[in-house]
Structure formats: C-alpha cells, structure tokens
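Have a look at the structure below before the remarks.
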Number of protein chains: 2
Amino acid sequence: MKYLSRPEELILLTVWKLKDEAYGVQIRKYVQKMTGKYWSIGSIYVPLDRLENKGFLESEKGEATSERGGKSKRYYRITQEGLDQLEALQEIHKKFWQDLPDASFKKS
Amino acid sequence: MKYLSRPEELILLTVWKLKDEAYGVQIRKYVQKMTGKYWSIGSIYVPLDRLENKGFLESEKGEATSERGGKSKRYYRITQEGLDQLEALQEIHKKFWQDLPDASFKKS
DNA sequence: ATTAAAATTCTATAATATAGAAAAATAACT
DNA sequence: AGTTATTTTTCTATATTATAGAATTTTAAT
C-alpha cells in the first residue's frame with residue numbers, strides 16, 4: 001500500500017484519540033459511534049494486528065482489573081512512525097481536495 | 001467497503017478535477033504528479049472499471065483524434081452518486097480529524 | 001505495407017477487508 | 001470448590017481490492 005487504507009487510518013486516529021483507553025472493544029465502540037456503521041470484530045482486530053506488525057502501533061497487555069471478569073485487555077498506542085503515516089495522509093488529502101472544480105463542497 | 005478506498009478516492013477526485021480531459025493516461029499522470037509516486041497501469045484502470053460498475057463514474061469512447069495515432073480514449077466523468085460518496089468521505093474525515101489530542105498536526 | 005505511437009484491455013498474484021466462531025481469562029454465584 | 005456469566009481477544013476463512021505489467025487495439029507516419 002502506498003498509503004494507509006481507510007480502516008487503518010480510522011483505527012490509528014482512534015488509538016491516538018483514546019490515549020490510555022485504547023483497547024479493542026473501546027476502539028470498536030468509538031469507530032462505530034463516529035461512523036454510525038456496524039464494524040465486525042475482525043474488522044477492528046485484524047487491522048490492529050497489521051498496524052502493529054508494520055510498526056505504526058505498539059501494544060501491551062493490561063492488568064487483570066476488569067469489573068466483572070474477562071480476558072485482559074490489550075492496550076495500544078501510536079508510534080512516531082504511525083504519526084508520520086497520518087501526516088503523509090493529511091498532506092495528500094489537502095493536496096487533492098484543495099485542487100478541485102468550482103462549485104464543490106470543498107469547504108473546510 | 002464502507003467507504004471509498006484510497007485509490008478510489010484519489011481517482012474519483014482526479015476525474016472530477018480533469019473535467020473533459022479525464023481519460024486513463026491523463027488520470028495516471030495527474031495522480032503520479034500529485035502523489036510523487038509510481039502508479040502502475042493496472043492501479044489506475046482496475047479502479048476506474050470498478051468505479052464505473054458501481055455507478056460512481058460514467059464513460060464514453062472518444063473520437064479518433066489522436067496526434068500520432070493510437071487507440072481511442074475512454075473519457076470518464078463523475079456521477080452524482082460519485083459526488084455523494086466523496087461527500088460522505090469528507091464528512092467522516094472531518095469528524096475524525098477534528099477530534100484529536102492536543103499537539104497534533106490537525107491544522108487545516 | 002510496415003513501423004511507431006498512444007491508449008486501453010486483460011489477467012494474474014498479493015494484500016487488505018470483513019465476518020463471526022472459538023478460546024481465554026476472571027469475577028460472581030450457589 | 002465448582003459452575004456460570006461476562007469481557008475481551010485470538011483465530012480462521014472468504015470476499016474484495018491493490019498492484020503489476022504483458023498483450024492487444026487502433027491509427028498516423030514512413
């Protein structure tokens with residue numbers, strides 16, 4: 001891939017946003033809330049894995065501090081490389097969207 | 001796909017931008033110029049096909065008016081549905097990028 | 001006729017998207 | 001103590017998309 005895919009972008013941004021609450025279930029909730037769409041479990045965890053393998057995310061297992069039991073959480077945080085990828089995306093986005101015909105909805 | 005993929009987005013925007021000069025070779029040139037990266041022939045024509053099948057683009061064969069001979073061009077133009085997809089993308093982009101931690105490069 | 005040029009079409013492989021069942025881990029309940 | 005309910009992740013399989021470039025088509029120039 002030349003750039004992050006769409007799911008990768010949204011998930012990276014979510015990890016960044018959620019800070020120390022960035023684990024799978026929360027990430028999924030946030031993405032679903034923001035997009036207003038259903039995201040399967042796999043459509044979150046598979047990209048998370050891939051982003052970590054590529055060095056755009058780091059993770060560590062959390063303490064066993066759940067309210068009502070359950071497997072321990074895996075917390076993610078974005079790396080500098082991850083931030084760089086997002087920045088590259090932002091640049092290309094601006095470049096393409098600023099250079100549009102007249103009556104477009106290019107505002108913002 | 002929930003949203004346009006990255007190549008689909010960039011190619012749609014390019015067709016929109018190029019207006020009556022939106023055919024394969026030109027589209028490829030523009031995308032390469034804007035991204036500064038190599039795009040194979042297939043990485044342009046395959047998405048173009050798909051975007052047309054999905055109704056986000058329309059096309060028609062051009063007259064045989066080449067300078068030095070050659071197969072006739074296929075001209076594309078964006079449909080209302082295509083514009084709608086781009087708008088949906090813009091919305092989701094804004095929503096995610098505006099809602100970021102402090103010291104981000106979220107300017108623009 | 002033959003060659004060169006311009007452009008697209010076609011086809012194959014790699015990577016990513018997407019879905020959800022299965023497993024793991026722990027707290028609560030009896 | 002053992003069983004059950006809950007939380008979360010891990011795993012695996014299929015569909016779709018990305019990516020590359022060879023082959024083909026078409027026409028102008030030689």
Side-chain angles (χ1 to χ4, degrees), chain A residues 1-12 14-15 18 21-32 35 37-54 56-76 85 89 92, chain B residues 1-12 14-15 18 21-32 35 37-54 56-76 85 89 92:
Chain A
M1 261 294 212
K2 297 189 177 69
Y3 298 100
L4 292 169
S5 71
R6 191 85 42 197
E8 285 170 346
E9 171 192 5
L10 300 186
I11 289 169
L12 263 191
T14 299
V15 168
L18 292 181
E21 277 305 309
Y23 64 96
V25 168
Q26 276 298 118
I27 292 167
R28 182 164 174 239
K29 263 186 203 152
Y30 181 84
V31 169
Q32 291 196 142
T35 61
K37 302 191 186 206
Y38 173 81
W39 289 62
S40 71
I41 291 172
S43 69
I44 299 292
Y45 284 95
V46 170
L48 276 174
D49 261 26
R50 189 165 35 242
L51 287 166
E52 184 167 23
N53 284 333
K54 290 184 178 172
F56 303 151
L57 287 178
E58 290 173 337
S59 79
E60 61 190 335
K61 285 236 145 173
E63 313 282 312
T65 50
S66 298
E67 308 278 295
R68 172 67 180 85
K71 196 168 182 181
S72 66
K73 298 161 183 163
R74 174 174 292 280
Y75 290 98
Y76 288 89
Q85 289 294 315
L89 216 54
I92 211 68
Chain B
M1 260 297 211
K2 296 190 178 67
Y3 299 101
L4 292 169
S5 71
R6 190 84 43 198
E8 284 170 347
E9 172 192 4
L10 300 187
I11 289 168
L12 263 192
T14 299
V15 169
L18 292 181
E21 275 306 308
Y23 64 96
V25 168
Q26 276 297 117
I27 293 167
R28 182 163 174 239
K29 262 186 205 154
Y30 181 83
V31 169
Q32 292 196 141
T35 61
K37 301 189 187 209
Y38 173 81
W39 289 61
S40 72
I41 291 172
S43 69
I44 299 292
Y45 284 94
V46 171
L48 275 174
D49 259 25
R50 189 163 37 242
L51 287 166
E52 184 167 23
N53 284 333
K54 290 184 178 169
F56 303 151
L57 286 178
E58 291 173 337
S59 78
E60 60 189 336
K61 286 236 147 173
E63 312 282 313
T65 51
S66 298
E67 307 278 296
R68 171 67 178 83
K71 197 171 182 180
S72 67
K73 298 161 183 166
R74 174 173 292 281
Y75 288 98
Y76 289 89
Q85 289 295 315
L89 216 55
I92 211 67

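Treat the numbers as computed from the prediction; the structure is a model and nothing was measured. Each chain gets a letter, A, B and so on, in the order the sequences are listed, and its residues count up from 1.
- With the nearest nucleotide of DNA chain C identified for both B/K29 and B/G42, B/K29 has the one nearer the 5' end.
- Within 4.0 Å of A/Y3, counting heavy atoms only, lies no atom of the nucleic acid at all.
- Judged by distance alone, with hydrogens and angles left aside, the side-chain atoms of A/K37 form a donor-acceptor pair with the main-chain N or O of B/K2 at under 3.5 Å.
- Taking atom CD on A/E8 and atom P on D/dT17, their separation rounds to 16 Å, with Å as the unit.
- If you check every strand for non-hydrogen atoms under 4.0 Å, B/S5 touches sugar and phosphate atoms only.
- Regarding A/L10, its CG atom lies at a distance of 16 Å from the P atom of C/dT16, rounded to whole Å.
- Across A/L48 and A/G24, no two heavy atoms sit closer than the pair CD1-CA, 4.3 Å.
- Map A/R74 and B/R50 each onto its nearest nucleotide of DNA chain D; the residue landing nearer the 5' end is A/R74.
- Atoms CG (A/D49) and P (C/dT18) sit 16 Å apart, rounded to a whole Å.
- One atom, CZ of B/F56, and another, P of D/dT17, lie 10 Å apart when rounded to the nearest Å.
- If you measure from atom CG of A/L4 to atom P of D/dT17, you get 19 Å, rounded to the nearest angstrom.
- Rounded to an integer number of Å, the gap from NZ of A/K73 to C1' of C/dT26 is 12 Å.
- The phosphate of D/dT19 (OP1 or OP2) has no side-chain N or O of B/S43 nearer than 4.0 angstrom.
- As a whole-Å value, the separation of B/R6 CZ from C/dT16 P is 13 Å.
- Here the nucleotide nearest the side chain of A/P7, chosen from C/dT9, C/dA17, D/dA20, is C/dA17.
- Taking every side-chain heavy atom of B/M1 into account, C/dA17 is the closest of C/dA7, D/dT19, C/dA17.
- Nearest heavy atom pair, residue B/L12 against residue B/F56, reads CD2-O, 3.7 Å.
- When heavy atoms are screened at a 4.0 angstrom cut-off, A/K54 is found touching the sugar-phosphate backbone but no base atom.
- Among D/dT10, D/dA20, D/dT19, the nucleotide with an atom closest to any side-chain atom of A/K61 is D/dT10.
- Residue contacts shown for B/G24 are limited to sugar-phosphate atoms, with no base heavy atom under 4.0 Å away.
- A/I27 and A/V15 make their closest contact through CD1-CG2, 3.8 Å (heavy atoms, listed as atom of the first residue, atom of the second, distance).
- Panel note: side chain A/E52, backbone A/S59; a donor-acceptor pair is recorded below 3.5 Å.
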Inset, instruction - Kindly determine whether B/K54 and B/E8 satisfy side chain to side chain contact (heavy atoms under 4.5 Å, CB included), including the steps that lead there. - result: CA-CA 11 Å; B/K54 290 184 178 169; B/E8 284 170 347; 3.5 Å; yes
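- Side-chain proximity of B/I41 to the nucleotides C/dA19, C/dT9, D/dA20 is greatest for C/dT9.
- Regarding contacts with the backbone of C/dA19, a side-chain N or O of A/S40 is found under 4.0 angstrom from either OP1 or OP2.
- Taking atom NZ of B/K71 as the reference point, atom C1' of D/dA22 lies 14 Å away to the nearest angstrom.
- Contact between the side-chain N/O atoms of A/Y38 and the OP1/OP2 oxygens of C/dG20 is found at a separation under 4.0 Å.
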